[in-house]
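What follows is a single structure, written as structure tokens, with notes after it.
FYI, side chains are in, hydrogens and waters are out, and symmetry mates aren't considered; it's all heavy atoms of this structure. Order of the sequence lines sets the chain letters (A, B, ...), proteins ahead of strands, with each chain counted from 1.
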Amino acid sequence: MGFEIYNSLGKQKEAFRPIEAGKVRMYNCGPTVYGRAHIGNLRSFLFADLLRRWLEHLGYDVKQVMNITDVGHLVADEEEGEDKIEAQAKRSGTDPWKIARAHEAQFHEDLAALGVRKASVYPRATDHIEEMLEMIAALIEKGYAYEVDGNVYFDVSRFERYGKLSGNRVEDLDAGARIEVNEEKRHPADFALWKHDAAHLMKWDTRFGPDGFPGWHIECSAMARKHLGDHIDIHTGGEDNVFPHHECEIAQSESFSGGPFANYWMHAKFLQVDGGKMSKSLGNVYTVQDVVDHGYEPRALRFTLLRGHYRQPLNFTWGIMEDSKKALDGLDRLYEKLTAVAAGEGGATEAGAGAELVAKAREEFEAGMNDDLNVPRGLAAIFGLRGEVNEDRLGRDAAADALHFLDEVNDVLGVIRTEREAGEDDAEIDALIAARKQARADKNWAESDRIRDELDARGILVEDGAAGTTWRRK
RNA sequence: GGCGGCAUAGCCAAGUGGCUAAGGCGACGGAUUGCAAAUCCGUUAUUCCCCGGUUCGAGUCCGGGUGCCGCCUCCA
């Protein structure tokens with residue numbers, strides 16, 4: 001069975017077929033750099049990373065583009081609400097460009113901490129003003145957009161498929177009556193491609209006049225086109241992007257090119273915290289820093305955010321972080337155990353014993369991941385293998401193969417610790433372990449336990465196995 | 001008001017109408033250990049939010065509730 005993707009466009013699983021054999025062109029909606037990414041944002045980016053890694057595992061050459069939104073899409077339609085980058089700039093008296101660049105750098109640091117692979121390109125909206133203007137001009141020319149006094153709007157009535165992705169009907173959109181009528185627009189659902197406002201700090205002089213800036217949706221259409229072409233394979237984002245953002249992207253891009261935009265649309269569900277939504281007032285909008293401050297490695301957050309299915313709501317709590325840490329510890333131990341067995345220490349006597357168990361685990365993992373990135377299924381296969389390994393059902397050769405399998409798994413999930421990093425006080429700890437060994441030989445349990453407690457206080461866990469004493473950092 | 005999603009054990013979480021409802025964490029009992037840790041064995045959902053329906057058969061399909069989440073306004 002090949003890779004099946006749940007396509008938001010059509011709402012069903014479909015076999016993945018690339019436009020060009022062996023290649024995948026993927027666009028991931030990235031961050032708006034007005035603040036530090038929180039764990040909810042990170043879930044979406046980690047999902048994109050997982051998808052990219054799985055596609056690569058399947059042998060595809062993936063071109064991955066993730067945009068950096070560094071310009072305010074000041075309220076696309078109305079004048080209330082405020083451009084978040086500009087708001088900060090005005091408050092602090094700082095150049096908005098500097099603010100955006102600082103957040104962008106922070107974003108890359110956070111992703112690196114989580115082991116996210118670098119996308120092929122991270123295009124910035126502000127570096128693609130020309131490309132956006134080119135599309136806007138063409139849309140006006142083709143009659144899909146109209147200009148009114150320096151503002152340009154997309155005419156949704158000209159695009160009959162508008163609503164196809166989200167299921168919204170244009171007639172029902174203003175039923176809530178929350179949108180103030182903008183007299184300039186022909187239809188309330190028309191959205192801005194280009195706006196005009198002299199008060200805006202980040203602005204450009206164009207054929208539409210001075211003091212202009214882009215609407216929110218056009219940047220993604222323009223950047224996807226610039227870096228991936230008019231027709232791409234996969235487009236991802238958070239579930240909140242379905243409407244209006246992605247709906248508008250489809251309208252713009254397809255009206256512009258005359259052909260299909262993205263074949264597969266994938267959306268990650270929102271992350272909840274403590275059973276509800278994250279909110280600043282509840283103080284539960286966490287970042288990578290908060291996770292580290294709570295004593296967890298970033299990879300534990302990576303595991304927490306990847307262990308559930310991306311289309312299932314995920315509830316973040318500190319209890320789950322602890323759960324993840326323990327589960328991850330078990331996978332680290334599995335890797336260590338396999339390394340030992342593959343080197344001839346322990347395991348089944350027959351070298352080839354258990355080969356079928358490894359094959360079965362590999363098969364189940366692949367089947368799970370091929371099923372729309374069903375990580376829980378994939379993990380179950382790995383934990384199943386762990387039981388077999390700990391029961392010494394695998395011989396030396398099978399262990400070597402299992403190790404190879406775990407490396408493959410890790411190439412996709414990126415959460416298992418495969419190498420023990422050296423610490424500065426390793427020698428010191430080894431000396432204490434040696435002293436304890438002597439105490440134990442002398443049956444001086446009091447001293448032995450004292451040393452163990454001392455190490456425990458330093459975060460070192462001592463384990464007396466059949467083959468001798470080992471230690472690990474907690 | 002409109003559009004869409006979710007609801008499975010103490011917690012997290014799979015589950016394609018049909019054998020005994022995956023897996024993880026936790027808990028309890030046992031083995032092992034100088035004591036621990038790790039590991040192993042066993043126990044931990046007669047039942048899948050509630051009500052009704054379709055079916056020989058439903059956690060899985062349909063209808064109605066309830067709760068939570070997303071979108072319709074910037075937001076992963």
By the 4.0 Å heavy-atom rule, please label [X] as base, sugar-phosphate, or nothing.
X        : value
A:Arg333 : sugar-phosphate
A:Leu271 : base
A:Phe270 : base
A:Thr304 : nothing
A:Asp449 : base
A:Arg436 : base
A:Gly167 : sugar-phosphate
A:Ala268 : nothing
A:Gln312 : sugar-phosphate
A:Val462 : base
A:Met278 : base
A:Arg472 : nothing
A:Asn315 : sugar-phosphate
A:Gly465 : nothing

In terms of ring plane angle, is the pair [X] and [Y] parallel, tilted or perpendicular, where the classes change at 30° and 60°?
X        : Y        : result
A:Tyr286 : A:Phe316 : tilted
A:Phe191 : A:Tyr162 : parallel
A:Trp265 : A:His235 : parallel

Using the [atom1] atom on both, measure [N] against [M] and round to a whole Å.
N     : M     : atom1 : value
B:U60 : B:U16 : C1'   : 9 Å
B:A9  : B:G26 : C1'   : 12 Å
B:A27 : B:A37 : P     : 11 Å
B:C6  : B:U44 : P     : 31 Å
B:C51 : B:A38 : P     : 42 Å
B:C69 : B:A13 : P     : 15 Å
B:G17 : B:A58 : P     : 14 Å
B:G57 : B:G18 : C1'   : 7 Å

Do the side-chain N and O atoms of [X] and [Y] include a donor-acceptor pair separated by under 3.5 angstrom?
X        : Y        : answer
A:Asn7   : A:Gln12  : no
A:Ser8   : A:His267 : yes
A:Asp211 : A:Trp204 : no
A:Thr469 : A:Glu463 : no
A:Glu104 : A:His108 : no
A:Gln252 : A:Ser221 : yes

Which nucleotide, [options], lies nearest any side-chain atom of [X]?
X        : options             : result
A:Trp445 : B:G15, B:A37, B:G34 : B:G34
A:Arg440 : B:C72, B:C35, B:U39 : B:C35
A:Arg377 : B:A14, B:C72, B:A37 : B:A14
A:Asp464 : B:A36, B:G15, B:C72 : B:A36
A:Glu391 : B:A14, B:C41, B:A37 : B:C41
A:Pro376 : B:A14, B:A76, B:G24 : B:A14

Would the base of [N] count as contacting [X] through its side chain, where contact means a donor and an acceptor less than 3.5 Å apart?
X        : N     : answer
A:Ser324 : B:G24 : no
A:Asp240 : B:G70 : no
A:Arg452 : B:A36 : yes

| said: Tell me whether A:Phe383 and B:G23 count as stacked here, given that the ring centres must be under 5.5 Å apart and the planes must differ by less than 30 degrees. | reply: no

| remark: side-chain hydrogen bond (donor to acceptor under 3.5 Å, both in side chains) filter on A:Thr317, not counting sequence neighbours, yields none

| message | On RNA chain B, compare the nucleotides closest to A:Gly387 and A:Thr317; which residue's is nearer the 5' end? | response | A:Thr317

| request: Take A:Tyr310 and A:Ala381, find for each the nucleotide of RNA chain B with the closest heavy atom, and name the residue whose nucleotide sits nearer the 5' end. | output: A:Tyr310

Under 4.0 Å from OP1 or OP2 of [N]: is there any side-chain N or O of [X] that close?
X        : N     : value
A:Arg169 : B:C3  : yes
A:Asn168 : B:C3  : no
A:Lys326 : B:G26 : yes
A:Asn390 : B:C40 : yes
A:Ser448 : B:G34 : no

Rounded distance (Å) that lies between atom [atom2] of [N] and atom [atom1] of [X]:
X        : N     : atom1 : atom2 : result
A:Ile320 : B:C11 : CD1   : C1'   : 6 Å
A:Asp70  : B:C74 : CG    : C1'   : 16 Å
A:Glu463 : B:A36 : CD    : P     : 15 Å
A:Asp372 : B:U16 : CG    : C1'   : 13 Å
A:Lys11  : B:G5  : NZ    : C1'   : 8 Å
A:Leu328 : B:G26 : CG    : P     : 13 Å

Between [X] and [Y], is there a side-chain N and carboxylate O pair less than 4.0 Å apart?
X        : Y        : value
A:Glu297 : A:Arg473 : no
A:Lys326 : A:Glu322 : yes
A:Glu447 : A:Arg450 : yes

| Please, what dot-bracket string fits RNA chain B when only Watson-Crick and G-U pairs with both distances under 3.5 Å count, crossing ones use [ ] and pairs to another strand use |? | (((((((..(((.....[....)))((((((.......))))))....(((((..]....))))))))))))....

| task | May I ask you to establish whether A:Arg311 and A:Tyr6 are in a cation-pi arrangement, using a distance under 6.0 Å from NZ or CZ to the six-membered ring centre and at most 45° from the ring axis? | result | yes

Using a cutoff of under 3.5 Å, can you pull out all pairs of nitrogen or oxygen atoms linking the protein to nucleotides 59-68 of chain B, with atom names and distances?
{"unit_1": "B:C68", "atom_1": "O2'", "unit_2": "A:Gln272", "atom_2": "NE2", "d": "3.4"}

